[in-house]
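What follows is a set of notes on a single structure, which appears directly below.
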Amino acid sequence: MNGDSVRYFYPDGSGLVGIWKEGRMDKSWYFKDEDDATCVEAMTDEERVSQGVSGPYRYDPPTHDCISSDPLLPDPYESRAVAVRPSHIVDAGEGLFAKRDLMYGEVAAFYSGLRLTLAEVEARGWDHNANAISMGPDNESDNEQDEMGFEPGEDLEPDQSWGGVIDVPYRYSQTSQYAATLGHKANHSFTQPNCKYEWYIHPRFGNIRCIQTITYVRAGEEILVNYDYNEILENGELQAPEWYKDGLKALKKEETSI
């Protein structure tokens, strides 16, 4: 994928248009729809800046030590879909909320962060792993890659390989320090999740996770995901933070009392 006017499409039909080199986004600008893309494409960079076009964006995958070269540059698709506000959940702090109506199966937010190994994360306590999420196995087919804006069968770069853990450390937990993606702001619900974690191949961040709706979500509703901690240790104990285990016990107690 090479060219000076390559268009990448987000799931809602908006996207990024600009220069791609050797299959990577080199310098692109946001457009709201195809008509807007034609207008943005015809502008100079100076005109894009003066008219408030979002960008420029480039391929900028996180590494073990660098979460982003521009951690305060929001993703334009995500910025139209969700916002960070005080959570409705007691003692949860901030949460993620829909800014517009989200249809079933729609991508609501992206989840990027530092790329750590599973061993590194397992060696730490849960106080350091609040925003760590496993990448897991390769679950994407060629068709799914195509749906995400990439050509069918396109080989992934080595630094885009699957596996390991995505982590947004505490120092980046506030949007004043990191706002490139907001998926780590979604809170947990055992009984009323309206979203789930999925995989996403992003033109800026590479292979990351995303948050996808599992029901219709109205504008103003809080985005909730079941964290679904399910790994059992050798001693039979659930590997999960204490708040999660306490909540699970309370839920089971409530179910048995019905």
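Residue numbers count from 1 along this sequence.
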Give the table of side-chain donor-acceptor pairs shorter than 3.5 Å for residues 245-252, with sequence neighbours excluded, one pair per line with atom names and distance.
{"residue": "K245", "atom": "NZ", "partner": "E237", "partner atom": "OE2", "Å": "2.7"}
{"residue": "K245", "atom": "NZ", "partner": "E242", "partner atom": "OE2", "Å": "3.0"}

For [X] and [Y], indicate whether the former's side chain and the latter's backbone hold a donor-acceptor pair under 3.5 Å.
{"X": "S87", "Y": "A92", "answer": "no"}
{"X": "T38", "Y": "E34", "answer": "yes"}
{"X": "N129", "Y": "A132", "answer": "no"}
{"X": "R85", "Y": "G220", "answer": "no"}
{"X": "H188", "Y": "Y227", "answer": "yes"}

Taking all atoms of both residues into account, what is the closest heavy-atom pair of [X] and [Y], and its distance?
{"X": "S28", "Y": "L16", "answer": "CB-CB, 3.9 Å"}
{"X": "L73", "Y": "P56", "answer": "CD2-O, 3.8 Å"}
{"X": "S176", "Y": "L72", "answer": "O-CD2, 3.5 Å"}
{"X": "S68", "Y": "R204", "answer": "OG-NH2, 3.7 Å"}
{"X": "V168", "Y": "S112", "answer": "CG2-O, 3.3 Å"}
{"X": "E47", "Y": "A42", "answer": "OE1-O, 4.4 Å"}

Does any donor atom in the side chain of R58 or S69 lie under 3.5 Å from an acceptor atom in the other side chain?
yes

We want to know whether T63 and D65 form a side-chain donor-acceptor pair, criterion being a heavy-atom distance below 3.5 angstrom.
no

Connected via hydrophobic side-chain network under 4.5 Å: [X] and [Y]:
{"X": "I214", "Y": "Y197", "answer": "no"}
{"X": "I166", "Y": "V121", "answer": "yes"}
{"X": "W199", "Y": "L118", "answer": "yes"}
{"X": "W29", "Y": "M43", "answer": "yes"}
{"X": "I89", "Y": "V225", "answer": "no"}

More than 12 non-hydrogen atoms from neighbouring residues, nucleotides or ligands closer than 6.0 Å to OH on Y104, yes or no?
no

CD/E122: more than 12 non-hydrogen atoms of other groups inside 6.0 Å
yes

Any ring-ring contact (aromatic ring centres under 6.0 Å, His included) involving residues 111-133? Give me the pairs, sequence neighbours left out, ordered by first then second residue.
W126-Y229

Ring center gap for Y8 and Y10 short of 6.0 angstrom
yes

Ring centers of Y77, F110 separated by less than 6.0 Å:
yes

Supply the atom-to-atom distance [X] [atom1] to [Y] [atom2], rounded to the nearest 0.5 angstrom.
{"X": "E106", "Y": "C195", "atom1": "CD", "atom2": "SG", "value": "10.0 Å"}
{"X": "R171", "Y": "Q177", "atom1": "CZ", "atom2": "CD", "value": "10.0 Å"}
{"X": "Y172", "Y": "L114", "atom1": "OH", "atom2": "CG", "value": "6.5 Å"}
{"X": "C210", "Y": "E78", "atom1": "SG", "atom2": "CD", "value": "10.5 Å"}

Run the salt-bridge test on [X] and [Y] with the 4.0 Å N-O cut-off and return the result as yes or no.
{"X": "E41", "Y": "R7", "answer": "yes"}
{"X": "E221", "Y": "K99", "answer": "no"}
{"X": "R24", "Y": "D60", "answer": "no"}
{"X": "K196", "Y": "E198", "answer": "yes"}

Under the side chain to side chain contact (heavy atoms under 4.5 Å, CB included) test, residues paired with [X] that sit two or more places apart:
{"X": "E94", "result": "V84, Q174, K185"}
{"X": "S79", "result": "P74"}
{"X": "S189", "result": "T191, Q192, P193, L224"}

Start with the C-alpha gap between N187 and E222, add the side-chain angles, then the distance that decides, and say whether side-chain hydrogen bond (donor to acceptor under 3.5 Å, both in side chains) holds.
CA-CA 8 Å; N187 285 316; E222 184 165 4; 3.1 Å; yes

Test log, rule side chain to side chain contact (heavy atoms under 4.5 Å, CB included), inputs I223 and I211:
CA-CA 9 Å; I223 300 296; I211 292 177; 3.9 Å; yes

Please walk me through it: do H64 and L116 pass side chain to side chain contact (heavy atoms under 4.5 Å, CB included)?
CA-CA 6 Å; H64 181 277; L116 306 183; 3.7 Å; yes

Aromatic ring pairing F31/F9, orientation class (parallel under 30°, perpendicular over 60°, tilted between)
perpendicular

Tell me whether the rings of H88 and F97 are parallel (<30°), tilted (30 to 60°) or perpendicular (>60°).
perpendicular

Step by step, would you call D26 with Y59 a side-chain hydrogen bond (donor to acceptor under 3.5 Å, both in side chains)?
CA-CA 6 Å; D26 186 64; Y59 180 60; over 6 Å; no

By salt bridge (charged side-chain N to carboxylate O under 4.0 Å, His left out) - contacts of K27 (at least two apart)
D45

Please determine whether side chain to side chain contact (heavy atoms under 4.5 Å, CB included) holds for the pair T213 and M103, giving the CA-CA distance in whole Å, both sets of side-chain angles, and the decisive distance to 0.1 Å.
CA-CA 7 Å; T213 62; M103 302 298 110; 5.9 Å; no

What I'd like to find out is whether the side chain of P76 reaches to under 4.5 Å of the side chain of Y57, using heavy atoms alone.
yes

Check step by step if ring pair (Phe, Tyr, Trp, His ring centres under 6.0 Å) holds for Y200 and F205.
CA-CA 10 Å; Y200 197 93; F205 307 110; 9.7 Å; no

Test D167 against R124 for salt bridge (Lys or Arg N to Asp or Glu O under 4.0 Å), laying out the working first.
CA-CA 12 Å; D167 181 40; R124 309 185 308 189; 3.4 Å; yes

When you look at Y30 and R48, which way does the side-chain hydrogen bond (donor to acceptor under 3.5 Å, both in side chains) test go after all the steps?
CA-CA 10 Å; Y30 180 68; R48 291 164 181 153; over 6 Å; no

